[in-house]
Every structure is written in C-alpha cells, then in structure tokens.
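A single structure is presented below for examination.
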Amino acid sequence: MSKTALITGVTGQDGSYLSEFLLAKGYEVHGIIRRSSVDYRERIAHLEGKPHFHLHYADMSDSMSLVKLVGKVQPDEIYNLAAQSHVQVSFDAPEFTADVDAVGVLRVLEAVRTNHLEKTCRIYQASTSELYGKVEEVPQSETTPFHPYSPYAVAKLYGYWIIKEYREAYNMFCCSGILFNHESERRGETFVTRKITLAAARIAHGKQDCLYLGNLDSLRDWGYAKDYVECMWLILQHEKPEDFVIATGIQHSVREFATLAFRHAGIELRWEGEGIEEVGVVKNLTPSSPQEREPGKGVKIGDIVVRVSPDFYRPTDVVNLLGDPSKAKRELGWNPQKTSFEQLVQLMVEHDMRKVTHEHYNLAEYLEKGIVK
Ligand code: NAP
Ligand code: F7E
C-alpha cells in the first residue's frame, strides 16, 4: 500500500522538491494551494496532471478548510511547510506572520485530532535556525537555548513548542526539523542568496548596474534545499518522534557568497570601504565572461557593482548561524555536505545566467524538460 502525504506550502521552494521526492518514493501526494490573482505555481507546474499528485484549495488561516481537507485526504504523513517565510517582511506584517506561522501549526494539529488521526498520522513541522536568533552559543545544536530575534522567529517558536506539547500531551508523532538556511535555483528572489545570483547574472549581461544589499557581515550556514527535503522524510521515518538540527556545519558571510557568485558570473570583485560606505568593485573580468564576448556591453574594471543600503537592514538581525548536524548524521544517516557551498553557488549562478539570457524563460517548462533540476 502506498502512503499518502499532505504538504502545506507545496508551491514553495521546499514544497516543490519534497513533492518530487515523495512521488519518486511512490507516495500519493496532496498539496494545499491558495487562491491568487497571479500564477504562483511555476515550481510545481511540471507535476500537475500526474496521477499521484493532487492539489486542493485551503489556507493556514482557515481552520475549517484544514479540518475538511485532512478528513478527506486521511494522510499518513503531514509536512507543514506553509509559512510567511521572509524574516524582514515579518517586521512589516507581524500579525499575519503570527497567524500563519504560529496559530497555523495549532490548526494543523487540531485538524488531525478532530479527524481522530492522532494515532496514525505523523506530522513534520518546518522549524528554523531563526529560533536561535541572538545566538547563545556557536555552533547551535538541539540543546542550544532559543533566543528568537524577529516576529517570524517568535511565531516559529510557538510552532516548535506546540508540536512538542502535542507530542507529550497526546502522544502524537509530531516533530520539528530545525533547518538552517537552504537555497536553490527555486529560492524566492528576495532572499539574499537568490537576490545575489540573479543580480550577478544580470550585471554580467549588462541588464543591471548595481546590487544593493544590507548586512554583508551576516554569517549563515547555507545548504542545498534538494538535500534538505530528504531529511524531512527521514525525520518522519525515525522510530521515535524527535526534533533534529539540519545544517551543513560550515559558515560563510553574505560578502563571501557575493564574491563567489560574481566570480561564477565572470566578475572578480574587490571590497573597499566599511559599513554603509562599503562597495564591491570590479577587479577583473574573466576571459569567458559575457562582457569579453560582447565588447562595450556590460561592466568594466573599476565599476562599482555592489553597494550597501540601509533599506535592507533589519530592526534586529541574526548574524551568527552555524548548525551542528551531528545528531541527524548519527541517527538519520544523513550526509550534511552532499552538495558543497561552492557547488550550491555555482549551480544557482549557472541557472540564473541562463534565465537572464533566455527572453522567454519559463521555470515550469525548464523543469518539465529536465533543463533545471
Ligand atoms: P517559501 O518558498 O516561502 O514557501 C512558503 C509556502 O507557504 C508557499 O507555498 C506559500 O504559498 C505557503 N503559504 C504561505 N502562507 C500561506 C497560507 N496562509 N496558507 C497556505 N499556504 C501558505 O518557503 P520555503 O523556503 O520553501 O520554506 C518552507 C518552510 O520552511 C517555511 O515554513 C519556512 O518558514 C521554513 N524554513 C525555511 C528555511 C529556508 O532556508 N528555506 C529554513 C528553515 C525553515 P504561496 O505560494 O501561495 O505564497
Ligand atoms: O537573509 C542578510 C540578512 O533573507 C540572510 C528564510 O528562509 O532562512 C531564511 O531567513 C541574511 C540576513 O534569509 C540582504 O540581514 C544582507 O542576516 O536570505 P535571508 P534569513 O533571514 O536567514 C531562515 C532559516 C528561515 O527560516 C527563513 O524562512 O542576509 N542580508 N543583505 C540580506 N537579506 C535579504 N533578504 N536581502 C538583502 O539585501
């Protein structure tokens, strides 16, 4: 008998990879979508129409929609990935963030109980390294104290505790994966990594002059999303319900990410100045860079292509995340460094170089043809 999974957040970066992963394992996959006036389904369009992939309208802020759907689908596993996931946006929309990211988790748990599935349905909660926030130790593990440092993190902390509470109070199999930042070609375009890789590609092709960033010193433990969704599944296959830190155990700054991304786009950077005055200047152009192929087009040596803008500073910023994935490695047999940081940056830049040069670029079509993984 094949298993049935319900994924909230199926249209997101992780939801799309997880759907592919579970379909390949023979699951019947159901996903929650919400009504929007624009097409936001490009990450999963290549899966629509497949016999074992089903989409349903519901919303994390609508209890009844979740209760009805859980009753209809009768899932063996629920992956609760839906969230307002942008930390900076959570300062502008804190109430919405709390409703979806905190109370939304409770609604999923109650939907399972209302349908009397608490003994059979396992639940994965998409928790986050943002819980460590103003970090109290480095690296961070399952035992590190939490210190959330944004409305997003505070909402996710509620999600973490309510999952633990239902595990203990009702003996439910529900777990949090405390995932550190994970990125990909499908990453939302306003997260710092994707913002950088897209800008590097556009600047290399003369389609953008300058990239404006916030805190260049911020340190993150960046992994590849495709590797991380496997862990979500492994956590639910574990013999007992437990929480796991999922990270690579390697840390880089935003500045380092930008330096490497521009290098892959054919632009060698040197950094000058400090704080708000810091700039990234073109030190060299590699022979294979687009500018070399099209003389007169694009950037020149000495051009400033990265500047700092206070618009991207946060009221409180999390600046020192480094995960300790020992438990996941030991108990789940997961390899935290399957895709290296260098490979991750390269694959994102290569993808975005293609995207900016193809006028009619369409992610759904490229996924369908296997051009984008
Ligand atoms: P994402 O790309 O922003 O996707 C978020 C998903 O949530 C989208 O499918 C979105 O639907 C859905 N959603 C938002 N509000 C909803 C609502 N009210 N009702 C139903 N669906 C709603 O995020 P991601 O990077 O894939 O991350 C997945 C989860 O992991 C999130 O919970 C995030 O907070 C958490 N997380 C992410 C990272 C990371 O580095 N990526 C690390 C730790 C934890 P629309 O397409 O309709 O907007
Ligand atoms: O910022 C700094 C920024 O927005 C990373 C979400 O998936 O991962 C993500 O949250 C760092 C921060 O991701 C810009 O200040 C500098 O220190 O890419 P980000 P995030 O805030 O770490 C966690 C684990 C999640 O759970 C979240 O859902 O980069 N930074 N300049 C910038 N950030 C952005 N977005 N834009 C800039 O221009």
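Whatever order the structure lists ligands and atoms in, that order sets their numbers, starting from 1.
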Margin query: To check your reading of the model: name the closest protein heavy atom to atom 1 (P) of ligand 1, its residue, and the distance in Å.
Written below: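 Of the protein heavy atoms, Ser85 OG, 3.7 Å lies nearest.
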Item checked: Selected option - heavy-atom contact closest to atom 26 (O) of ligand 1, from Asp14, Thr8, Val105 ->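 Comparing heavy atoms across Asp14, Thr8, Val105, the nearest one to atom 26 (O) of ligand 1 lies in Asp14.
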Next item on the list: Among all protein heavy atoms, pick out the one at the shortest distance from atom 27 (C) of ligand 2; state its residue, atom name and that distance to 0.1 Å.
Entry: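 Scanning the protein heavy atoms, the shortest distance from atom 27 (C) of ligand 2 goes to Ser85 O, 3.3 Å.
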Notebook entry, point to check: For ligand 1, is there an N or O atom under 3.5 Å from any N or O atom of Glu183?
Noted result: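 In this structure, Glu183 places no N or O atom under 3.5 Å from an N or O of ligand 1.
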Next item on the list: Report yes or no: does a heavy atom of Tyr313 sit under 4.0 Å from some atom of ligand 2?
Entry: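 Per 4.0 Å heavy-atom rule, Tyr313 does not contact ligand 2.
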Check: Is the backbone of Asn215 close enough, under 3.5 Å, to the side chain of Ser218 for a donor and an acceptor to pair up by distance?
Finding: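 It does not hold such a pair.
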Next item on the list: Please check if the side chain of Thr8 supplies one atom and the backbone of Ala82 the other of a donor-acceptor pair under 3.5 Å.
Entry: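 Yes.
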Check: Taking heavy atoms and a distance under 4.0 Å, where does Thr190 meet ligand 2: side chain, backbone, both or neither?
Finding: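 Thr190 to ligand 2: backbone contact only, side chain stays beyond 4.0 Å.
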Next item on the list: Return the orientation label for the Tyr79 and Tyr124 ring planes: parallel under 30°, perpendicular over 60°, tilted otherwise.
Entry: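 Ring orientation of Tyr79 relative to Tyr124: tilted.
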Margin query: Under the criterion side chain to side chain donor-acceptor pair (under 3.5 Å), I'd like the reasoning laid out for Tyr27 against Trp233: C-alpha separation, chi angles, the key distance, then a yes or no.
Written below: CA-CA 11 Å; Tyr27 276 66; Trp233 177 78; 2.9 Å; yes
Notebook entry, point to check: Hey, what's the ring geometry for Phe146 with Tyr132, parallel, tilted or perpendicular (30° and 60° as the breaks)?
Noted result: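 The arrangement is tilted - the two ring planes meet at 30° to 60°.
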Margin query: Measuring from atom CE of Met232 to atom CD1 of Ile246, what distance do you get when rounded to the nearest 0.5 angstrom?
Written below: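 Answer for the CE-CD1 pair, Met232 versus Ile246, is 9.0 Å.
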Next item on the list: Select the closest option to atom 14 (C) of ligand 2 among Val254, Val192, Val87, Asp311, judged by heavy-atom distance.
Entry: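 Checking each option, the heavy atom nearest atom 14 (C) of ligand 2 is found in Val192.
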Note to self: Once rounded to the nearest 0.5 Å, what's the spacing between atom OH of Tyr166 and atom CD1 of Ile123?
What the structure shows: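 Rounded to the nearest 0.5 Å, the OH-CD1 separation comes out at 10.0 Å.
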Next item on the list: Classify the contact between Ser36 and ligand 1 as side chain, backbone, both or neither, using a heavy-atom distance cut-off of under 4.0 Å.
Entry: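 The answer is neither; Ser36 stays 4.0 Å or more away.
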Notebook entry, point to check: For ligand 2, which part of His182 has a heavy atom less than 4.0 Å away: the side chain, the backbone, both, or neither?
Noted result: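 None of His182 does.
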Next item on the list: Answer yes or no for Gln84: is there a heavy-atom contact with ligand 2 below 4.0 Å?
Entry: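 Gln84 does not count as a contact of ligand 2 under the 4.0 Å cut-off.
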Notebook entry, point to check: Between His252 and Phe341, is the ring centre distance below 6.0 Å?
Noted result: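 Between His252 and Phe341, the centre distance is under 6.0 Å.
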Notebook entry, point to check: Among Tyr228, Tyr152, Phe180, whose heavy atom sits nearest atom 36 (N) of ligand 1?
Noted result: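 Answer by nearest heavy atom: Tyr152.
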Notebook entry, point to check: Strictly under 6.0 Å, is that where the ring centroids of Tyr366 and His46 end up?
Noted result: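 Distance test on ring centres: not under 6.0 Å, no.
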Check: Atoms of ligand 2 less than 4.0 Å from Val318 heavy atoms?
Finding: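 Close to Val318: 17 (O).
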Note to self: Below a 4.0 angstrom heavy-atom separation, can you tell me which part of Leu216, side chain or backbone, both or neither, approaches ligand 2?
What the structure shows: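 For Leu216, no heavy atom sits under 4.0 Å from ligand 2.
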Checklist line | For Ser129, atoms of ligand 2 separated by under 4.0 Å from a heavy atom | finding: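 Checking each atom against Ser129, I get 24 (C).
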Notebook entry, point to check: Once the angle between the rings of Tyr228 and Trp334 is folded into 0 to 90°, is it parallel (under 30°), tilted (30 to 60°) or perpendicular (over 60°)?
Noted result: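 Rings of Tyr228 and Trp334: perpendicular, as their planes differ by over 60°.
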Check: Would Gln88 count as a contact of ligand 2 if the rule is a heavy atom under 4.0 Å away?
Finding: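 No; Gln88 lies far enough from ligand 2 that no heavy-atom distance drops under 4.0 Å.
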Margin query: How long is the straight-line distance from CZ of Arg202 back to NZ of Lys355, given to the nearest 0.5 Å?
Written below: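 One gets 7.5 Å once the value is rounded to the nearest 0.5 Å.
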Notebook entry, point to check: Does Thr193 reach ligand 2 with a nitrogen or oxygen that is under 3.5 Å from one of the ligand's nitrogen or oxygen atoms?
Noted result: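 No.
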Note to self: Starting from atom 12 (C) of ligand 2, what is the nearest protein heavy atom, named by residue and atom, and what distance separates them?
What the structure shows: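 The closest one turns out to be Arg220 NH2, 3.4 Å.
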Next item on the list: Only heavy atoms count here, so choose which of Ala225, Gly12, Ala83 is nearest to atom 7 (O) of ligand 1.
Entry: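 Among Ala225, Gly12, Ala83, the closest heavy atom to atom 7 (O) of ligand 1 belongs to Ala83.
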Check: Among protein heavy atoms, which lies nearest atom 1 (O) of ligand 2, and at what distance?
Finding: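 Result: Arg314 NH2, 3.5 Å.
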Check: Within the structure, does Met60 bring an N/O atom to less than 3.5 angstrom of an N/O atom in ligand 1?
Finding: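 Yes, at least one N or O pair falls under 3.5 Å.
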